[in-house]
Amino acid sequence: MRTADQIRQEFIDFFVRRHDHIYVPSSSVVPHDDPTLLFTNAGMNQFKPYFLGTRQPPWRRVANTQKCIRAGGKHNDLDDVGKDTYHHTFFEMLGNWSFGDYFKKEAIAWAWELLTEVWELDRRRLHVTVFEGDPDNHVPRDDEAAQYWRDVGVPDDHLHLGSKKDNFWEMGDTGPCGPCTEIHYDKTPDRRGRNLVNRGTPDVIEIWNLVFIQFNRNPDQSLTPLPAQHVDTGMGFERITAVLQGKESNYDTDLFAPLFEAIQRVTQAPPYAGRLDDLKDTAYRVIADHIRTLTFALTDGAVPSNEKRGYVLRSILRRAERYGRQYLGASGPFLADLVPTLVERMGHVFPELRRDPARVQAIIRSEEETFIRNFTRGVKLFQDVAEAARHTGSNVISGKAAFDLHTTYGFFVDITEQMAAEVGLKVDRREFQQLWHEFTERSSKDRKKFVVTAVQGTLPATDDSLKYETLRSPAQILGWVQENIVFSGGLVPHGRSVGLLLDRTCFYAEAGGQVGDSGIIVGGTGPFVVETTQKLGDAVLHIGYLPEGLLEVGQQVEAQVDAARRAEIMRHHTATHLLNLALRQVLGPHVEQKGSLVDEQKTRFDFAHDKPLTNDEILQIEQRVNEQIAADRPVVAVTLPLDQAKQITGVRAVFGEKYPDPVRVVLIGPEDPAAVTWNDSAEFCGGTHIARTSQAGLFKIVSQEAVGKGVRRVTGVSGRGALEAMQGMARILSQLAERLQCPVDQITARVEALQDELRKLHESRKKEQAGDLAAAIDRLLAEAPERDGARIIIGELPPTTMEQVRQQTDRLISKTGSCIVVLGWRDSEKAALRVVVTDKFTHRVHAGNLIKEIVAVVGGRGGGKPEKAEAGGPLADKLPEALALARRRVAEALGV
RNA sequence: GGGGCGGUAGCUCAGUUGGGAGAGCGCUGCAAUCGCACUGCAGAGGUCGAGGGUUCGACUCCCUUCCGCUCCA
């Protein structure tokens with residue numbers, strides 16, 4: 001029997017050796033350069049530019065195996081994984097490719113050759129499909145492909161027509177497309193599967209898809225033939241391995257066996273038995289599949305997080321963890337321990353796995369630990385609500401409880417539902433949906449801001465190239481936007497919030513974290529007040545209002561940016577770049593920008609870092625930024641082709657952001673991109689900056705906080721704000737120094753000494769009082785009358801605290817065994833009372849009720865339980881009176 | 001940006017309408033043992049995240065804030 005490794009190799013060798021293909025390694029499973037794509041989900045992802053014609057392919061014929069992940073997004077197989085024999089979130093796609101080289105004839109002939117001659121598959125079990133045609137879109141039936149199949153010997157009763165859904169491939173709404181032909185394998189024992197092709201049964205499965213890219217879909221939906229025709233084929237590696245090894249299930253192949261053994265080893269569960277109706281075996285499949293996805297994704301640089309790609313990975317990890325805990329009896333983290341097995345199994349094909357498996361394991365382990373913590377807490381909450389439900393005789397978990405479990409502990413409803421089902425309960429889905437709806441509604445609505453998202457009418461483009469050069473510029477009014485409607489003629493209305501449109505402007509529109517400019521637009525009889533500036537497409541909206549006067553479309557005006565505010569903004573923006581650099585230098589290379597906000601008061605900077613900054617780190621960072629400011633380095637912007645800009649040493653960009661090509665790069669220090677070193681700041685940035693660093697004046701970090709797991713936020717000030725922040729602190733310090741009568745640099749020591757002194761004083765006073773108190777108590781005890789075996793101890797104590805009296809009453813109880821105690825004393829000018837009644841007498845004297853009555857005498861309130869009570873009041877002089885009342889009441893109660 | 005939950009001994013966590021801060025594990029000492037483990041006894045260890053407020057009295061209720069987790073946008 002062939003091993004999986006042999007099968008993969010034979011595929012590659014077949015195309016490379018026999019048919020002159022070039023082997024191209026798999027691209028990363030995390031598409032770092034395509035923000036629209038969560039994961040690489042098909043072999044063609046890395047070759048897309050060649051099909052689109054945006055780049056020339058360096059080779060004509062290629063063969064490869066591509067790492068793919070399908071989870072989250074459109075192709076979401078996540079929920080099916082583990083439940084059947086053939087779904088995976090991670091899989092390999094074998095493919096051979098022609099970029100404008102061979103076409104249908106060769107592709108079909110070679111596919112047949114590989115399957116029937118090299119691999120010697122039974123021809124009688126192979127079926128093929130070809131496109132049936134689509135007259136509405138002028139696409140003919142693919143008779144060509146059908147003929148080539150007949151030529152290699154496929155009989156007509158093994159040739160099927162397929163619909164657009166199965167046999168026509170399109171990249172998107174527009175772009176390259178074409179018919180495809182699929183090869184299916186009949187697994188039925190008697191080879192009677194010809195009517196089961198494309199019926200979604202595991203008995204007859206698609207093993208290879210050959211796509212013939214020959215058309216371009218135009219925006220008007222018409223098709224035109226492409227000048228160069230391409231072939232793109234994809235064969236699911238796990239499937240073909242199962243077929244060639246004669247296995248029912250992909251999971252029965254030697255690709256998964258080592259993983260199952262490892263899972264068994266780390267969980268101590270019974271071995272994998274391959275059953276579909278056993279949740280234990282489902283768990284094995286889920287875990288084996290998911291650990292492949294996690295290991296490959298993390299190896300390629302993805303990180304679990306609470307949004308997007310990272311969130312999908314987190315869900316996958318949790319799903320695996322949950323199956324392991326519930327069905328295999330894993331009690332602690334176990335997924336991380338599976339990584340070495342996978343690296344050993346696949347490292348020779350994907351050497352990147354061997355680069356740093358320890359890092360991958362560390363990430364997985366830490367995720368597992370947080371999940372387990374949450375899971376334990378969530379299970380507890382679940383048990384509470386389940387118990388409560390049973391208690392009320394209901395068999396329904398409320399929607400609110402399910403909602404809380406999701407939003408607090410990340411339990412998806414189906415998890416809650418499953419857990420409920422296991423104990424015979426149901427979940428109120430309707431209530432859940434209702435709450436969920438309100439929740440998402442509120443989350444999305446609660447961000448105010450005047451944001452123009454879509455407009456009716458055509459927006460004229462604005463030339464805003466002046467924003468880097470000047471703060472005043474002549475312009476002509478082209479119109480305005482009001483309540484999402486574009487007006488292009490007439491008089492600008494008074495007092496309403498509108499977005500004024502000009503032909504050119506020097507106003508900076510909000511972008512790249514920098515806030516929009518404010519200012520005025522002068523002309524006619526009154527200035528237009530600009531509160532902020534935003535960009536929509538190529539149009540700049542000067543958002544504000546016209547208080548009075550006349551302003552008309554077509555009029556010549558002058559745009560004047562609020563120069564003082566802009567200056568503060570520019571200081572902060574340049575300071576942000578210096579901060580970014582300093583963070584990396586002080587904390588390490590993992591510091592990646594996650595977002596920023598720059599305005600006239602501050603710079604707020606979010607970055608990847610997983611723990612709070614220490615005081616020392618903050619000091620170092622401030623110091624580095626201020627050194628750069630003091631060095632009075634020039635700040636220059638250069639515009640470069642994107643490819644070239646990416647080559648600049650240590651250049652920084654926000655991950656996931658789309659940058660134009662050419663891109664603007666802001667350099668601090670060197671004026672030539674080639675001269676940039678790791679100690680200089682270079683960032684892709686479209687913002688406005690000061691000309692020299694010294695203009696920032698001063699930089700100070702004022703706060704830091706966590707924004708989410710692994711993301712920290714620091715807020716800093718420069719320019720005037722920094723001065724104010726420093727002065728504010730200096731003022732507080734000098735006030736403290738004055739109050740403490742010591743120099744500023746001794747404040748810490750002085751406070752420590754004071755705290756120490758205070759503590760000692762407290763202790764000695766406590767001791768002193770305790771002595772007095774014990775003596776007083778003993779006196780009271782000596783003269784206490786006895787009634788029915790209980791000592792009745794009522795009296796006043798010297799000034800003390802409740803704490804002390806508690807200890808003394810404990811002593812009394814252990815001494816007397818049975819007693820009724822009413823004590824009063826002064827505590828910082830107020831009267832305090834405590835009543836204690838031992839068990840046997842609580843039905844005759846209720847401590848709580850008694851104290852309520854007697855505390856009224858000293859003008860206070862209090863309460864407690866039958867056996868003990870505490871109270872206090874302001875009229876300390878009336879204490880004897882209160883105690884006298886207590887004596888009477890106790891005497892009455894005991895029938896004296 | 002908006003919401004939910006949590007922060008109590010070195011660790012994991014209890015703490016029930018506001019009325020003496022606890023358990024388990026760990027730690028120290030003693031006993032027992034040739035020694036270790038186990039066991040028994042004793043003990044140390046807490047600004048109940050921080051700061052305000054309400055109250056005679058706050059771990060508990062209210063506000064602010066920090067830290068962690070989580071969901072949505």
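Below, all heavy atoms of this structure are taken into account, side chains as well, without hydrogens, waters or symmetry copies. Per chain, numbering begins at 1; letters A, B, ... match sequence-line order.
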Problem - 5' precedence on RNA chain B between A:R713 and A:K868 (nearest-nucleotide basis) - result: A:R713
Exercise for the section: Determine the Euclidean distance between corresponding C1' atoms of B:rC25 and B:rC71; express it in Å to zero decimal places. Expected result: 34 Å
Problem - Residue-phosphate contact under 4.0 Å: A:R806 side-chain N/O, B:rG57 OP1/OP2 - result: no
Exercise for the section: Considering only atom P, compute the distance from B:rC5 to B:rA44 and round it to an integer number of Å. Expected result: 38 Å
Handout entry: Under-4.0 Å side-chain N/O to phosphate OP1/OP2 contact, A:R377 with B:rG68
Key = no
Handout entry: Rounded distance in Å between the P positions of B:rC41 and B:rA32
Key = 16 Å
Exercise for the section: Scan A:A871 against the nucleic acid and name what it touches under 4.0 Å (heavy atoms): base, sugar-phosphate only, or nothing. Expected result: base
Practice task
Compare side-chain N and O positions of A:R318 against OP1 and OP2 of B:rC71 and report whether any pair is under 4.0 Å apart.
Solution key: yes
Problem - Distance below 4.0 Å between A:K380 side-chain N/O and B:rA14 OP1 or OP2 - result: yes
Practice task
Provide the distance between the two P atoms, one in B:rA9 and one in B:rA23, to the nearest whole Å.
Solution key: 13 Å
Handout entry: 5'-most by nearest nucleotide on RNA chain B - A:R604 or A:D404
Key = A:R604
Completion exercise
Between CE of A:M802 and C1' of B:rU55 the distance, given in whole Å, is 13 Å
Problem - P-based separation of B:rA58 from B:rC13 [nearest Å] - result: 29 Å
Problem - A:E853 versus A:N849, side-chain donor and acceptor atoms under 3.5 Å - result: no
Completion exercise
Considering only heavy side-chain atoms of A:K830, the closest of B:rC69, B:rC56, B:rG2 is B:rC56
Problem - N or O in side chain of A:R712 less than 4.0 angstrom from B:rC67 OP1/OP2 - result: yes
Problem - Any residue meeting side chain to side chain contact (heavy atoms under 4.5 Å, CB included) with A:E369, in chain and number order, not counting sequence neighbours - result: A:P333, A:R365
Handout entry: Polar side-chain atom of A:H572 near backbone of A:D599 as donor-acceptor pair, under 3.5 Å
Key = yes
Practice task
Determine the contact category for A:G862: base if any of its heavy atoms lies under 4.0 Å from a base atom, sugar-phosphate if only primed atoms, P, OP1 or OP2 are that close, otherwise nothing.
Solution key: base
Handout entry: Span that lies between the P atom of B:rC69 and that of B:rG29, in whole angstrom
Key = 38 Å
Completion exercise
Separation of B:rG4 atom C1' from A:E438 atom CD, nearest Å, is 14 Å
Exercise for the section: Could you work out the separation of B:rG3 and B:rA21 based on their C1' atoms and round it to a whole Å? Expected result: 33 Å
Exercise for the section: Please determine, by modelled atom types, if A:E387 and A:Q383 share a side-chain donor-acceptor pair under 3.5 angstrom. Expected result: no
Exercise for the section: Take atom CZ of A:F439 and atom P of B:rA73, then tell me their distance rounded to the nearest Å. Expected result: 8 Å
Exercise for the section: Give one of base, sugar-phosphate or nothing for A:G872, where a contact means two heavy atoms less than 4.0 Å apart. Expected result: base
Handout entry: Separation of the C1' atoms in B:rG7 and B:rU60, to the nearest angstrom
Key = 15 Å
Practice task
Answer yes or no: does a side-chain N or O of A:Y311 lie under 4.0 Å from OP1 or OP2 of B:rC72?
Solution key: yes
Problem - Candidate nucleotides B:rC72, B:rG19, B:rG4, ranked by approach to the side chain of A:E870 - the nearest - result: B:rG19
Problem - A:L879 vs A:L833 side-chain heavy atoms within contact, under 4.5 Å - result: yes
Completion exercise
Residues passing the salt bridge (charged side-chain N to carboxylate O under 4.0 Å, His left out) test with A:R806, sequence neighbours excluded, are A:E870
Problem - B:rG6 phosphate, OP1 or OP2, under 4.0 Å from A:R373 side-chain N/O - result: no
Practice task
Determine whether the side chains of A:T89 and A:T293 contain a donor N or O and an acceptor N or O closer than 3.5 Å.
Solution key: yes
Practice task
Please determine if a side-chain N or O atom of A:Y409 lies less than 4.0 Å away from the OP1 or OP2 oxygen of B:rG6.
Solution key: no
Handout entry: Rounded distance in Å - NZ (A:K400) to P (B:rC71)
Key = 16 Å
